[in-house]
Structures are given as structure tokens and as C-alpha cells.
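Since the structure comes first, as C-alpha cells, the remarks are kept for the end.
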Amino acid sequence: MGARRRPPSRLRRTAQVALGLLLAPIAVPASPAAGGSPLVAVDIGHTLQAPGAISARGRSEFEFNRELAGRVVTALARLGLEAVLINADGRIESLQARPERAAGAVFLISIHHDSVGEQHLTPWEWQGIPLDFSDLWAGHSLFVSRRNPDVAASLMCASAIGARLQRAGFVPTEKNGRRREYADAQHAVHYYDNLVVLYQARQPAVLFEAGVIKHRDEELLLRDAARQQRMAEEIATGVAACVTAGGIAAPR
């Protein structure tokens, strides 16, 4: 396991502020898409042509990402925030196009699902198809970039989302602490400075890994519609708290 380094004091205070957001009222408009409501961009990770990891039972990461991202957009709308879905058709032309399409938003979240290195995979067969799995790690994690134009707000939002998820019973993974420095160890937030979608964003941005699709039991949980909905609602609540009570909302 990598050392859980403490973030600089200013960012540490920012993460602590995120915890207070959970108790703060969410001052968003009462009805979805009301005039002047903050716009949040929700990015679907990967594409049809580059679908990301393949789950233990042969489903692409892109399919997992698309389902959860759609639920997050709906949950944000219920809270009165406008939300735009990026890469809805799975045909976005480049990594750079993702932050470009989020240019008018006050916050960007990119939805992904995690995998493991090839050295940790075990071959198996599922319904006659040769695949592989790893039951070593399960759980969600979050990432921010120190190259983002507002890393403090990015960390505040990531910590708010992570705290909300854990409060609802979702368990984070320690898998990524082996390679990615912790920004907020308590809420499984890591630094990943060179992710294009994070550092080319013009607003605070977070990449969310919902779980490990190579883990056979967790894959089934990640496919469950009711659980997806609960996770999406907690993500949306964390985002709404950060965007409104956290003070990053601004007129577009």
C-alpha cells in the first residue's frame, strides 16, 4: 500500500469544508431546469470504439458508465440543477472534446468503472466464453488533478461526494492508494494530475470510479438498477451541496 500523504494545509481545509456541506441546506431551485440554475456536466467515460475494461462477465465499461451517468443526470435534475450529458452516443471524437463540451458548466464529473492490472487477473469461463476476473479489490474511488484551474474546489466536491457515498453505506476501495497519492484518504480521493478530462476542464472537475467490474460479486451489484439509483442520488446530492453551499455556482 502507498503512504497516505496528507494534502497541503489549504487543500486539507478545503476537504474539511466538504464535510460541512453535508449538513448545509442545498439552496437549489425547487423545479428542475429553472432559469439561472447551475449547469453540471456529466461525462460518460470511454466510447463505443474504445469501450474500456471488460467486466468479469463480458460487459464493457462504457455500458456501465452510460447507465450510471444517465441516472446521475436525472438525480441532478430532481434536485433542481441543470445537467448536460457528454458523450451520450458513445462517439465523442477525442479526450480533449470532453472538457470542451463542458465549457459552460460550473462543475464536471466524469463517470467510470474500475479494473485491475493484468497480473492480478485469473482466467475463467462465463457461459462458455473465456474471460477473466479478480476478486482482490472492490469499491469506489475519486480523482482530482492538481493541474485543474481550481484544484481546491475540485477536492471540495470530490470529498463531498465521497462523504455522501460512505454515509449511505457505499464502501471505497484502497486499491488505488498503491499508485495514486491521496488527496483525502478518508473519502478515497486521489491525485491523478495528467487526466485530460480533469486538467483541461475550465471548471472544478472530478473523475469517479464507481466500482471494480472485474470483481465478480461487485459486478453484479454494479449492474443492479436499484443500487445504481441509490449511488446516483448520493453523487447528485454531494454535487449539489458543493455547487450551491460550496459556492462554486455562478451565472453562465
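The hydrophobic cluster containing Val196 also includes Leu95, Tyr199, under a criterion of side-chain heavy atoms closer than 4.5 Å among ILVMFWY residues, counted directly or through chains of members.
Smallest separation of non-hydrogen atoms from Arg59 and Ile213: O-CD1, 4.5 Å. Nearest heavy atom pair, residue Asn148 against residue Pro204, reads OD1-CA, 3.9 Å. Between Ile54 and Ser60, the closest heavy-atom pair is CD1-CA, 3.9 Å.
Looking at Glu219 and Ser55, their side chains do bring a donor and an acceptor atom within 3.5 Å of each other. A donor-acceptor pair shorter than 3.5 Å cannot be found between the side chains of Asp43 and Asn65. Side-chain N/O atoms of Gln200 and Gln96 include no donor and acceptor closer than 3.5 Å. Side-chain atoms of Thr237 and Glu234 form no donor-acceptor pair, as typed in the model, at a separation below 3.5 Å.
Under a cut-off of 6.0 angstrom, the local environment of CD in Glu118 is sparse, with at most 12 non-hydrogen atoms contributed by other residues, nucleotides or ligands.
Cation-pi contact between Arg216 and Trp126: absent, since separation from the ring centre below 6.0 Å together with deviation from the ring axis within 45° is not met.
Salt-bridge annotation for Glu209 and Lys175: absent, with no side-chain N of the basic residue lying under 4.0 Å from a carboxylate O of the acidic one. Taking 4.0 Å as the cut-off between side-chain N and carboxylate O, Glu67 and Arg71 do not count as a salt-bridged pair.
Put simply, the side chain of Ser145 does not reach to within 4.5 Å of the side chain of Leu195, judged on heavy atoms. Considering only heavy atoms from C-beta on, Ser141 comes within 4.5 Å of Phe143 through its side chain. Put simply, the side chain of Phe62 does not reach to within 4.5 Å of the side chain of His112, judged on heavy atoms. Within the 4.5 Å cutoff, no side-chain heavy atoms of Asn87 are placed close to those of His46. In this structure, Tyr191 and Arg147 have side chains that are not in contact, with every pair of non-hydrogen atoms separated by 4.5 Å or more.
Ring pair His113/Phe64 is tilted by interplanar angle, where 30° to 60° counts as tilted.
Scanning for side chain to side chain contact (heavy atoms under 4.5 Å, CB included) contacts around Ser115 gives Ala53, Lys214, with sequence neighbours left out.
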